[in-house]
> 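I have a structure I would like to understand better, so I am pasting it below and will then ask my questions one at a time.
Every value quoted in this text rests on a predicted model; they were computed, and no experiment measured them. Residue numbers count from 1 along this sequence.
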Amino acid sequence: MKSRINDILTPHAVVELVVKKNWNLLKAWRKHLGLNQKELAARAGISQPALSQMENSNNHQDATIEKLATAMGVRPEQLVD
């Protein structure tokens with residue numbers, strides 16, 4: 001079963017992490033894909049502390065979300081709560 005967020009399919013496992021662990025979509029997707037912060041930050045060309053800050057807030061810049069989405073192979077809309 002998949003859930004819809006902004007009319008884009010999101011795996012149930014990602015939604016479950018958001019609900020059960022109270023994580024934002026960015027962190028839930030990263031964990032679902034088996035990436036650590038250092039790996040994802042390097043792929044996206046941002047710093048690990050910047051990624052950590054984004055995972056602990058809902059204040060995201062569109063350009064950075066686009067970089068992260070590309071690095072994870074998802075659409076930017078799938079990373080924003």
Side-chain angles (χ1 to χ4, degrees):
M1 176 182 225
K2 295 187 179 188
S3 298
R4 287 188 178 268
I5 297 176
N6 297 328
D7 293 329
I8 298 170
L9 294 178
T10 300
H12 178 75
V14 172
V15 175
E16 187 173 49
L17 289 170
V18 170
V19 173
K20 286 187 176 181
K21 302 224 179 218
N22 198 31
W23 291 344
N24 64 20
L25 285 165
L26 174 58
K27 184 173 183 175
W29 269 105
R30 177 180 62 77
K31 292 286 197 170
H32 176 70
L33 296 172
L35 298 168
N36 64 40
Q37 286 184 345
K38 186 177 178 180
E39 292 169 325
L40 179 55
R43 286 186 188 185
I46 66 171
S47 70
Q48 182 275 324
L51 176 57
S52 178
Q53 185 176 10
M54 291 179 72
E55 288 187 351
N56 290 306
S57 74
N58 284 322
N59 187 13
H60 311 298
Q61 293 190 6
D62 291 343
T64 307
I65 288 293
E66 287 184 29
K67 288 179 185 179
L68 289 163
T70 298
M72 288 191 277
V74 300
R75 294 183 55 185
E77 296 86 1
Q78 291 176 285
L79 299 179
V80 184
D81 296 306

> Go through the structure and list residues passing side chain to side chain donor-acceptor pair (under 3.5 Å) with Glu66, not counting sequence neighbours.
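Result, side chain to side chain donor-acceptor pair (under 3.5 Å) vs Glu66: none returned.
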> If we check side chain to side chain contact (heavy atoms under 4.5 Å, CB included) with Val14, which of these qualifies: Val74, Val19, Leu25?
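The single option meeting the side chain to side chain contact (heavy atoms under 4.5 Å, CB included) with Val14 is Leu25.
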> Tell me whether Asn24 contacts the main-chain N or O of Val18 through its side chain, where contact means a donor paired with an acceptor under 3.5 Å.
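No: the side chain of Asn24 does not pair with the backbone of Val18.
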> Answer with yes or no whether the hydrophobic clustering places Trp23 together with Leu68; edges join I, L, V, M, F, W, Y residues whose side-chain heavy atoms lie under 4.5 Å apart.
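The answer is no; the residues belong to distinct hydrophobic clusters.
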> Could you tell me which non-hydrogen atom of Ala69 sits nearest to which non-hydrogen atom of Pro76, and how far apart they are?
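That closest heavy-atom pairing would be CB-N, 3.6 Å.
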> Quick check for you: to the nearest 0.5 Å, what is the distance between Ile46 atom CD1 and Gln37 atom CD?
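One gets 9.0 Å once the value is rounded to the nearest 0.5 Å.
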> ring-ring contact (aromatic ring centres under 6.0 Å, His included) with His32: which residues, sequence neighbours excluded?
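Testing His32 for ring-ring contact (aromatic ring centres under 6.0 Å, His included), a comparison that skips the adjacent residues, returns Trp29.
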> I'd like to check the side chain to side chain donor-acceptor pair (under 3.5 Å) partners of Lys21; sequence neighbours left out, ordered by chain and number.
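Expected list: none.
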> Side-chain polar contacts of residues 38-45 - donor-acceptor pairs under 3.5 angstrom, sequence neighbours left out - could you list them?
unit_1 : atom_1 : unit_2 : atom_2 : d
Glu39  : OE1    : Asn36  : N      : 2.9

> For Ser47, check side chain to side chain contact (heavy atoms under 4.5 Å, CB included) against everything at least two apart and list the hits.
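Counting only residues at least two positions away or on another chain, Ser47 forms a side chain to side chain contact (heavy atoms under 4.5 Å, CB included) with Pro49, Ala50.
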> Gln53: which residues meet the side chain to side chain contact (heavy atoms under 4.5 Å, CB included) condition with it, sequence neighbours left out?
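Not a single residue meets the side chain to side chain contact (heavy atoms under 4.5 Å, CB included) criterion with Gln53.
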> Any link between Leu33 and Leu17 through a network of hydrophobic side chains (Ile, Leu, Val, Met, Phe, Trp, Tyr) touching at under 4.5 Å?
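No; Leu17 is not reachable from Leu33 via cluster members.
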> Output the distance between atom OG1 (Thr64) and atom CG (Leu79), rounded to the nearest 0.5 Å.
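Thr64 atom OG1 to Leu79 atom CG measures 11.5 Å (nearest 0.5 Å).
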> Would you compute the distance between atom CZ of Arg30 and atom CG of Leu26 and round it to the nearest 0.5 angstrom?
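Atom-to-atom, Arg30:CZ and Leu26:CG are 7.5 Å apart.
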> Enumerate the salt bridge (Lys or Arg N to Asp or Glu O under 4.0 Å) contacts for residues 56-65, please, sequence neighbours excluded, ordered by first and then second residue.
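The answer is none; no pair qualifies.
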> Counting C-beta onward and ignoring hydrogens, is there a side-chain heavy-atom pair between Ile65 and Met54 closer than 4.5 Å?
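Side-chain contact under 4.5 Å: yes.
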> May I have all residue pairs that pass ring pair (Phe, Tyr, Trp, His ring centres under 6.0 Å) and include part of residues 46-65, sequence neighbours excluded?
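Every candidate ring pair (Phe, Tyr, Trp, His ring centres under 6.0 Å) pair involving residues 46-65 fails, so no pair, neighbours aside, qualifies.
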